[in-house]
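Worksheet for the structure shown next.
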Amino acid sequence: MTLSRRGFIKVGGAAMTLPLLGGTAFGQAEKLKIGFIYVGSINDNGYNYAHNQGRLYVEENLGDAVETVFVENVPEGPDCERVVRELAQQGCKLIFATSFGFGDSVIKVAPEFPDVAFEHATGYMKADNVGLYNARFYEGRAVCGVIAGHMSQTAKAGYIGSFPIPEVVMGINSFVLAARQVNPEFTITPVYISTWNDPAKEADAARAMIDQGIDIIAQHTDGPAALQVAADRGIVGGFGQGADMSAFAPDTQLTAIIDHWGPHYLASAKAVLEGTWAPGDTWEGLKEDVVQMGPYHSKVPADVVTAAEAMRTGQIDGSVHIFTGPINDHTGTERVAAGVTMTDAELLSMDWYVEGVIPPA
Amino acid sequence: MDLTIAILVTVVGASTPILIAALGELVVERSGVLNLGVEGMMLLGAIAGFVVQFHTGNHYLALICGAAAGMAASLIFGFLTLSLSANQTATGLALTIFGTGFSALAGASYSARPVTLMSPIFPELAAHPVLRVIFGYSFPAYFAIFMVFAIWFFLKRTRAGLILRAVGENDLSAHSIGYSVVKVRYFAVMFGGAMAGIAGACFPLTLTPQWAEGMTAGRGWIAVALVVFASWRPFRLLGGAYLFGLVMTMELYAKAGGGPLSAIPSELWAALPYIATIVVLVLISLRRDASTNAPACLGKPFMPSN
C-alpha cells in the first residue's frame, strides 16, 4: 500500500515540477518574439547549452529587432504540449522545439496557431507551419571515428547512447564506419542508458565499458560525465559532444563535435522578419558550419590529425560521404551496394547497425 | 575475477549515496514522520558540497556543508509539519520541488567547472587489484556502513532510540508519559536532512566531479522506496541498497559486455528493484508479524489536544 501510494506521488511530483521560465522580457509589440524549448538545462555544457548559444547568437546579430524567450528542462511528453501552447499564447511568432521527443506536441499544437512558425529539431514530421531542421552530427562522428580507429590500442570503443533513435544509431554507425576504414577489426558495443541527463549513470556506464576493455569512449548524452571517467581511468581518450568539453578532461578530450546552431536560427529569424519564412527541411553540417570540430588534442599524432582533417574537409567539399557502400549490417548482410550513397530519408530512419557494432538487446 | 572486482567497486560507489540517504529517512520514519523531500535535500546537499569543494578544495568541509544544507532544508520541512502540523506528504513533495529548483538556481554559474574526486582513504590498498574491493573507497562508503551499525545500535540498544521508536509507534502514549514528541521528531528530521545532504554531496565528490542540474536523477526516490523495502530495519537497508546498486550497475556491465545477461531488456533491468520491493512487501504482509510493519504513526501529524 505504502509503496503504491509513493509511486503515485512520485509521478505526480515529477509532473508538478514546472520548468522555469527564463529569458528576457521587454514587451514591445513590433519585436519578433522567438521561443526556444530545451529538453535539458542550458548549463549542461552540451546539447542544450549549444542550442542556447544559438539563441544568444540571434540576439547578438539582430539586437532590438528580436526578443527571445526560453523554457528549459521540458520533459519529452505531454508536458511539452503545454509549454508550446504557452509560448504561442505569449506572442512568440517563431518557436524552436529543440529535441526529437517534442515532435508530437508541436504537430498537435501547431494547427491552433496558424500564424506562428514552428521549427522542430532532429524530427521527421512536417506541417503547414512546422518546419524541420537538423544538423549532420554524423559528419563529426566520422571525424571522431577516424581518430578512434587510429588511436585505440584495443580496437574497442565504448559508446553511451541515450535512446536507440535514428539520430543516435546513425552517429554510432558513422563512427564505426570511419574507424573500420582505418582498422577493420574495430568494434563498438553501444550502451543505452534511457536518459539524456543522469551524470552518475553515464559515469557508471563508462566505468562498465572501460572495465571490459575499451580504451576510447564516445557518448550521445548531454554532459561530460563519461569524459571525466575516461580521464580518471587514464584511457586513450574520448570526445566532447555538443560543445567543447575540454575544461572537464583537458588531457582526455581528443576533439569535440560542436553544435553551432546560430547561423540556422539567425536565418530563420530573418525569414520570419521579412515574411519569407516557409516550413523548411534543412539538414546542414560541417560545410554550412552548423557542425564544427573542436581543437585536436596535442596527443593526437600529426598523421592522425591529417587523416581526421581529410575526413573533415572531404565531407565539406562533398568528396566523402561516410554512408557510401558497400556497407554491411552487423550480421554481415550487405545493406548498401558498392558506390551507392544512402539517401537522407534512409539515414533519418536508420534502425540497423553496421558491421562492427555489437548490437544491444 | 578482475571484472567481478571492478563491478563490485562500481556497485559500492553507486549504492553509497542511496544507502546514506535511506538511512536518514529510516530514522525519520521510525520517529513517525514521512519526509518525501529526500530528493530535494540531496540536490541541495549536492550543490552545497560542490560549491564548497570548488572554492576551498576541501572534500571533508564540502561533505559537512552538504550535510548542513540538507539539514537546513529539513528544518523548513520540520517547521511546517511539526510546528504547524501541515500535511507531511504535500510538504515533502514541495521540499523536493524547492530543492530541485533552488539547487539549479544556485548552481547556474557553476556549470563548466570541474572539481576533483575524493581520494581513497587507503591509497596504497586502493591500487591493489583485489584488496581494492574492500579498501578502495573514499570516506563516504565507510561512513555509510558505519552508520548502519550506529543506527542499529541507537535504535535497539539506547534509551534515546527507544524513545524515538515509541514516538513513532504511539505518539500519544509517548506524550502522556512526558516525552516531547515534537522535539524528538525535530531531531530525527534534522538527522535525516543531514544524511540526505551528505548523500547528495557524494554525487559531485565521489561519482562525477561536476555540477549538473538534477544530478541525483531520482535516487532520492529510490532511497525512500528502499526504506519500505527494508521494512524499517538498518541491516536490511544495507542489503537492499547494495542489491539496488548491483541491479543498476549490472545492467550497464551486462550491456557493455555483450554476454548472456545483455539479452535482458533494459526496461526489465530498470524495473527489477521495484519488482523486488513489491515481492518483499508481499512477503512481509504474508508473515503477519507486527514487528515488521511500518511505524504505526508514520505520516500522521501529532495533535495531542484533539
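Every chain is numbered from 1 and lettered A, B, ... according to where its sequence line falls, protein lines coming before strand lines. Here the structure is a predicted model, which is why all the values come from computation and not from measurement. Hydrogens, waters and symmetry mates are skipped; everything else that's a heavy atom, side chains included, is used.
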Please output the side-chain donor-acceptor pairs of residues 157-168 of chain A that fall under 3.5 Å, not counting sequence neighbours, one pair per line with the distance.
residue: A/Tyr159; atom: OH; partner: A/Arg141; partner atom: NE; Å: 3.0
residue: A/Tyr159; atom: OH; partner: A/Arg141; partner atom: NH1; Å: 3.2

- Message: I'd like to verify something: which residue of A/Asp204, A/Thr195, A/Ile42 has the highest number of heavy-atom pairs under 4.5 Å with chain B?
- Response: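 Counting heavy-atom pairs under 4.5 Å, the top option is A/Asp204.
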- Query: How far does CG of B/Leu252 sit from CZ of A/Arg207, to the nearest 0.5 angstrom?
  - Reply: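 These two atoms lie 10.5 Å from each other.
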When the side chains of residues 5-12 of chain B are checked against the rest of the protein, which donor-acceptor pairs come out under 3.5 Å, sequence neighbours left out?
residue: B/Thr10; atom: OG1; partner: B/Ala6; partner atom: O; Å: 3.0
residue: B/Thr10; atom: OG1; partner: B/Tyr253; partner atom: OH; Å: 2.7

- Query: Taking every heavy-atom pair that is under 4.5 Å apart, which of B/Ala212, B/Gly299, B/Pro209 has the most such pairs with chain A?
  - Reply: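 Most heavy-atom pairs within the cutoff with chain A belong to B/Pro209.
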- Message: A side-chain contact here means heavy atoms from C-beta on lying under 4.5 Å apart; do B/Thr208 and A/Glu202 qualify?
- Response: no
- Query: Is the closest side-chain heavy-atom distance between A/Asp198 and B/Arg219 below 4.5 Å?
  - Reply: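 Of all side-chain heavy-atom pairs linking B/Arg219 with A/Asp198, at least one is under 4.5 Å.
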- Message: Checking an interface table here. Which of residues 246-259 of chain A come within a heavy-atom distance under 4.5 Å of chain B?
- Response: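 Listed by number, the contacting residues are A/Ala247, A/Phe248.
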- Query: Which residues, numbered in order, of residues 224-231 of chain A come under 4.5 angstrom of chain B by heavy-atom distance?
  - Reply: A/Pro224, A/Ala225, A/Gln228
Proximity breakdown for [X] and chain A, heavy-atom pairs closer than 4.5 Å:
| X | answer |
| --- | --- |
| B/Leu3 | side chain |
| B/Arg113 | backbone |
| B/Glu39 | neither |

- Contact part of A/Ser194 toward chain B, heavy-atom cut-off under 4.5 Å: side chain, backbone, both or neither?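 Side chain only.
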- Query: So does A/Phe100 have more than 12 non-hydrogen atoms from other groups sitting under 6.0 Å from CZ?
  - Reply: yes
